[in-house]
Q: 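Next up is a structure, given as structure tokens.
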There are 2 protein chains.
Amino acid sequence: MSEAEKASGQLDPHSATPLYIQLANVIEAAIRAGSLAPDRPIPSEHALADEYGVARLTARRAAQELRERQLIVTVRGKGSFVAKNPPAQA
Amino acid sequence: MSEAEKASGQLDPHSATPLYIQLANVIEAAIRAGSLAPDRPIPSEHALADEYGVARLTARRAAQELRERQLIVTVRGKGSFVAKNPPAQA
DNA sequence: TCAGATTTGTTCGTATGTATT
DNA sequence: CAATACATACGAACAAATCTG
């Protein structure tokens, strides 16, 4: 992610990197920084969409990306939770 | 998949199984039956959507599912092709 | 038990961009 | 250039699971 993203937590719609990857990267950084603790829920799709100014489906794709990175576990009707044992940084 | 799906190749919108999973199952069956040969393209998203009466994104999700099952390989601008060495049936 | 709010899951529609032929 | 096809992203709607009152 860009320096701007690291600093502000905002996304760059003009970046070659897809928004959902940018968002997944931002959340992964927060998880690895400890801002989002294990077994605690991450913000809901709706909240993420609002916060970052993207569509809910884009936030969903970011969550799917994080599931594939094994950083979160999602439970329908409850939310997505930070994984207890995330793999080492890629 | 249901017996009806096996027999007709049609999908059941009222099934508890998501449409994109049903469609992926139908296509997987076709691949394993040899109706879709290795290195041959499967029908396009638009064609699948038309043929089965689903949205293109649903056909897209079926294709994504098949990619995760390592049954097809998708090449941008060309199409999705039956994998040469698919894993054994799950 | 029930109603409502919250959250994720699925589906459809549409638009724009990019790559290949 | 045009046609085809995949990638991304927006909006909208409803279903299903969960939780709370």
Side-chain angles (χ1 to χ4, degrees), chain A residues 1-2 5 10-28 30-31 36-37 39-83, chain B residues 1-2 5 10-28 31 36 39-83:
Chain A
M1 89 192 79
S2 73
E5 285 155 23
Q10 297 309 300
L11 310 180
D12 176 12
H14 305 101
S15 166
T17 305
L19 281 176
Y20 76 94
I21 295 287
Q22 291 183 49
L23 180 50
N25 287 343
V26 167
I27 299 171
E28 171 165 2
I31 291 174
L36 296 169
D39 279 334
R40 295 269 305 169
I42 68 173
S44 72
E45 294 170 355
H46 181 75
L48 286 174
D50 259 29
E51 191 173 343
Y52 291 92
V54 298
R56 185 192 154 209
L57 276 190
T58 302
R60 272 188 66 70
R61 282 193 190 134
Q64 178 182 356
E65 176 71 21
L66 291 169
R67 282 194 293 276
E68 288 169 1
R69 295 181 189 178
Q70 301 178 50
L71 289 171
I72 64 172
V73 176
T74 300
V75 182
R76 179 176 184 172
K78 294 185 66 176
S80 288
F81 301 82
V82 178
Chain B
M1 87 192 77
S2 73
E5 285 157 21
Q10 297 309 300
L11 311 181
D12 175 13
H14 304 102
S15 167
T17 306
L19 279 176
Y20 78 93
I21 295 288
Q22 291 183 48
L23 180 51
N25 288 343
V26 167
I27 299 171
E28 170 166 3
I31 291 174
L36 297 169
D39 281 333
R40 294 268 304 169
I42 68 172
S44 72
E45 294 173 357
H46 182 73
L48 286 174
D50 261 27
E51 189 171 346
Y52 291 93
V54 298
R56 178 166 65 88
L57 276 190
T58 301
R60 279 189 56 67
R61 285 196 185 130
Q64 178 182 356
E65 176 69 20
L66 292 168
R67 282 193 293 276
E68 288 169 2
R69 295 181 189 177
Q70 301 180 49
L71 289 170
I72 64 172
V73 176
T74 299
V75 182
R76 183 172 181 173
K78 293 185 66 176
S80 288
F81 301 82
V82 178

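Every chain is numbered from 1, with letters handed out A, B, ... down the list of sequences.
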Q: Test of understanding: with side-chain hydrogen bond (donor to acceptor under 3.5 Å, both in side chains), list the residues that count as partners of B/Arg76, not counting sequence neighbours.
A: none

Q: About how many Å separate CD1 of A/Ile42 and CD1 of A/Ile27, when rounded to the nearest 0.5 Å?
A: 5.0 Å

Q: Tell me: CG of B/Leu19 to C1' of C/dC12, nearest whole Å?
A: 11 Å

Q: Write down the distance between CG (A/Leu57) and C1' (C/dA15), rounded to a whole number of angstrom.
A: 14 Å

Q: Do B/Glu65 side-chain atoms and B/Tyr20 backbone N/O form a donor-acceptor pair below 3.5 Å?
A: no

Q: Quick one: does B/Thr58's side chain get under 4.5 Å of B/Tyr52's, heavy atoms only?
A: no

Q: Not counting sequence neighbours, which residues clear salt bridge (charged side-chain N to carboxylate O under 4.0 Å, His left out) with A/Glu28? List them please.
A: A/Arg32, A/Arg69

Q: Between which nucleotides of DNA chain D, 5' to 3', does chain A make heavy-atom contacts below 4.0 Å?
A: D/dT8 to D/dC19

Q: Indicate yes or no: at least one non-hydrogen side-chain atom of B/Ile31 is less than 4.5 angstrom from one of B/Ile72.
A: yes

Q: Please name all residues satisfying salt bridge (charged side-chain N to carboxylate O under 4.0 Å, His left out) with B/Arg56, sequence neighbours left out, ordered by chain then number.
A: B/Glu45

Q: Can you tabulate the close N/O pairs, meaning under 3.5 Å, that link protein atoms to atoms of nucleotides 3-9 of chain C?
A:
unit_1 : atom_1 : unit_2  : atom_2 : d
C/dT8  : OP2    : A/Glu45 : N      : 2.9
C/dT8  : O4'    : A/Gly77 : N      : 3.4
C/dG9  : OP2    : A/Arg60 : NH1    : 2.8
C/dG9  : OP2    : A/Arg60 : NH2    : 3.2
C/dG9  : N7     : A/Arg56 : NH2    : 2.8
C/dG9  : O6     : A/Arg56 : NH1    : 3.0

Q: Test of understanding: with side-chain contact (heavy atoms from CB on, under 4.5 Å), list the residues that count as partners of B/Gln70, not counting sequence neighbours.
A: B/Pro87

